[in-house]
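What follows is one structure encoded as structure tokens, with my remarks underneath.
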Amino acid sequence: PALDLLARAPADNPAQVVDLGCGTGSITRILAERFPKASVVGLDGSAEMLASAAKTPKPGETIAWQQADIGTWQAKNPVDLIYSNAALQWLKGHDALFPHLVAQLAPGGALMVQMPRNHGAPSHTLMEASIARRPALAERLKSKPRSHPPGDPGYFYDLLRPRCASVDIWETEYLHVLSGEDPVVEWTKGTALKPVLDSLEPGEREEFLAEYKAACREAYRPRADGKTLFPFRRIFIVAVR
């Protein structure tokens with residue numbers, strides 16, 4: 001998905017590129033290779049992630065790693081390209097966030113965003129049903145950062161079109177072929193399930209996982225070759241100021 005988004009970049013030679021929610025920087029480095037003349041910033045709220053990103057620089061690399069809250073980040077100068085892959089779904093208030101990001105762009109600059117939009121799939125609905133059966137867990141999760149369902153394409157079009165010269169929006173459903181035992185649960189452990197498990201005590205965690213695994217086994221049955229198909233929908237947005 002990160003490369004599919006990058007392939008639609010409208011600018012050939014941006015002077016300044018910012019990767020919002022860069023994590024360990026693997027995509028930031030691809031951006032730097034794609035735009036070798038640009039000043040590239042990898043921005044993330046996690047000092048641990050940024051430290052990992054800075055550990056293994058490539059020869060000649062000039063990426064600037066910056067720690068900041070991506071929800072309130074303010075560019076010092078107008079930016080030519082703001083890129084964000086699978087990060088903004090962790091933030092609430094898209095009705096204010098997206099106009100704010102557009103305002104950081106130079107005229108002709110582009111906001112490029114990819115977010116998971118799979119919250120209506122069994123992997124998510126079964127998880128939320130298990131949480132709902134545990135009021136104490138639901139209460140604890142209120143104070144935790146969690147992945148939020150992004151709006152539909154029409155929502156983002158109506159939000160961005162009055163502020164942008166052009167808005168390109170599309171969705172792709174990737175069909176992941178997974179291996180191993182309870183592969184969908186293992187997948188979600190690195191994303192939507194992580195804050196849930198972090199909020200549970202060891203005994204509670206085992207009980208929750210047993211229930212969630214059983215439900216996912218029914219929803220995602222292995223194929224004849226033992227693989228499990230996991231459809232995953234994502235929304236892509238390219239908005240030019």
Side-chain angles (χ1 to χ4, degrees), residues 1 20-24 44-50 52 67 69-72 84-98 113-153 155-156 171-223 226-235:
L20 288 185
C22 67
T24 57
D44 202 278
S46 169
E48 183 180 1
M49 289 283 193
L50 292 170
S52 178
Q67 184 178 3
D69 180 347
I70 64 176
T72 58
S84 183
N85 180 65
L88 300 187
Q89 75 278 3
W90 292 96
L91 279 69
K92 294 181 179 179
H94 285 177
D95 56 336
L97 174 63
F98 275 73
V113 175
Q114 183 274 123
M115 295 178 289
R117 208 169 88 84
N118 213 45
H119 294 74
S123 57
H124 284 68
T125 58
L126 293 171
M127 185 192 308
E128 293 301 325
S130 293
I131 293 169
R133 287 191 284 272
R134 295 167 171 80
L137 172 59
E139 186 62 31
R140 283 178 229 160
L141 285 169
K142 287 181 179 179
S143 61
K144 299 276 187 179
R146 295 195 67 200
S147 177
H148 304 286
D152 63 22
Y155 165 81
F156 285 107
E171 290 187 313
T172 300
E173 186 170 86
Y174 294 83
L175 192 62
H176 298 289
V177 182
L178 305 182
S179 303
E181 187 177 357
D182 299 309
V184 172
V185 176
E186 292 303 314
W187 176 289
T188 61
K189 279 183 179 179
T191 54
L193 187 57
K194 187 180 186 306
V196 180
L197 297 182
D198 289 347
S199 300
L200 292 166
E201 298 297 328
E204 296 175 318
R205 192 177 300 124
E206 292 169 6
E207 179 189 14
F208 185 95
L209 276 174
E211 179 181 309
Y212 181 49
K213 286 177 179 179
C216 283
R217 286 171 193 154
E218 287 295 315
Y220 299 98
R221 293 179 177 272
R223 316 304 294 181
K227 304 290 187 181
T228 300
L229 300 183
F230 183 35
F232 202 102
R233 182 177 295 275
R234 297 175 183 271
I235 186 169

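- L97 is listed as a side-chain neighbour of H94, based on a closest heavy-atom distance under 4.5 Å.
- When all heavy atoms of P1 and N85 are compared, the pair lying nearest together is C-OD1, 4.1 Å.
- For the salt bridge (charged side-chain N to carboxylate O under 4.0 Å, His left out) criterion with E128, the lone passing option out of R133, R134, R146 is R146.
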Verdict with supporting geometry, F98 and V113, side chain to side chain contact (heavy atoms under 4.5 Å, CB included): CA-CA 10 Å; F98 275 73; V113 175; 4.0 Å; yes
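- Here the straight-line distance linking atom CG of L175 with atom CG of L229 works out to 5.0 Å at 0.5 Å rounding.
- Q89 places a side-chain N or O within 3.5 Å of a backbone atom of A87 that can act as its donor or acceptor partner.
- Rounding to the nearest 0.5 angstrom, the gap separating the CD atom in E173 from the CG atom in N118 is 7.0 Å.
- In terms of modelled atom types and a separation under 3.5 Å, the side chain of E171 and the main chain of R234 share no donor-acceptor contact.
- Going from atom OG of S199 over to atom CZ of R205 covers 9.5 Å, rounded to the nearest 0.5 Å.
- Shortest non-hydrogen contact noted between D44 and G23 is OD2-N, 2.8 Å.
- Listed here is the closest heavy atom pair of M127 and Y212: CE-OH, 3.4 Å.
- Taking CG of L126 as the reference point, atom CZ of R217 lies at 13.0 Å (rounded to 0.5 Å).
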Which donor-acceptor pairs under 3.5 Å do the side chains of residues 191-198 make with protein atoms, sequence neighbours left out?
from, atom 1, to, atom 2, distance (Å)
T191, OG1, T188, O, 3.4
K194, NZ, D198, OD2, 2.9

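- M49 and T24 get closest at one heavy-atom pair: SD-CG2, 3.6 Å.
- Qualifying ring-ring contact (aromatic ring centres under 6.0 Å, His included) partners for F230, counting only residues two or more places apart in sequence or in other chains: W187, Y220, F232.
- Side-chain contact between S84 and Q114 is absent, with no heavy-atom pair separated by less than 4.5 Å.
- Side-chain contact check for H119 versus S147: some heavy-atom pair is nearer than 4.5 Å.
- The minimum heavy-atom distance between P222 and G226, with the atom names listed, is CB-O, 4.0 Å.
- Inter-residue side-chain proximity for H148 and L91 is flagged as unmet; no heavy-atom pair is nearer than 4.5 Å.
- Residues passing the salt bridge (charged side-chain N to carboxylate O under 4.0 Å, His left out) test with K189 are E186, sequence neighbours excluded.
- The structure places CG of L88 at 6.5 Å from CG of L20, a figure rounded to the nearest 0.5 Å.
- The distance from atom OG of S46 to atom CD1 of I70, rounded to the nearest 0.5 Å, is 11.5 Å.
- Across every non-hydrogen atom of I235 and G151, the tightest pair is CD1-O, 3.9 Å.
- No donor-acceptor distance shorter than 3.5 angstrom exists from the side chain of R233 to the backbone of R117, with no hydrogens or angles considered.
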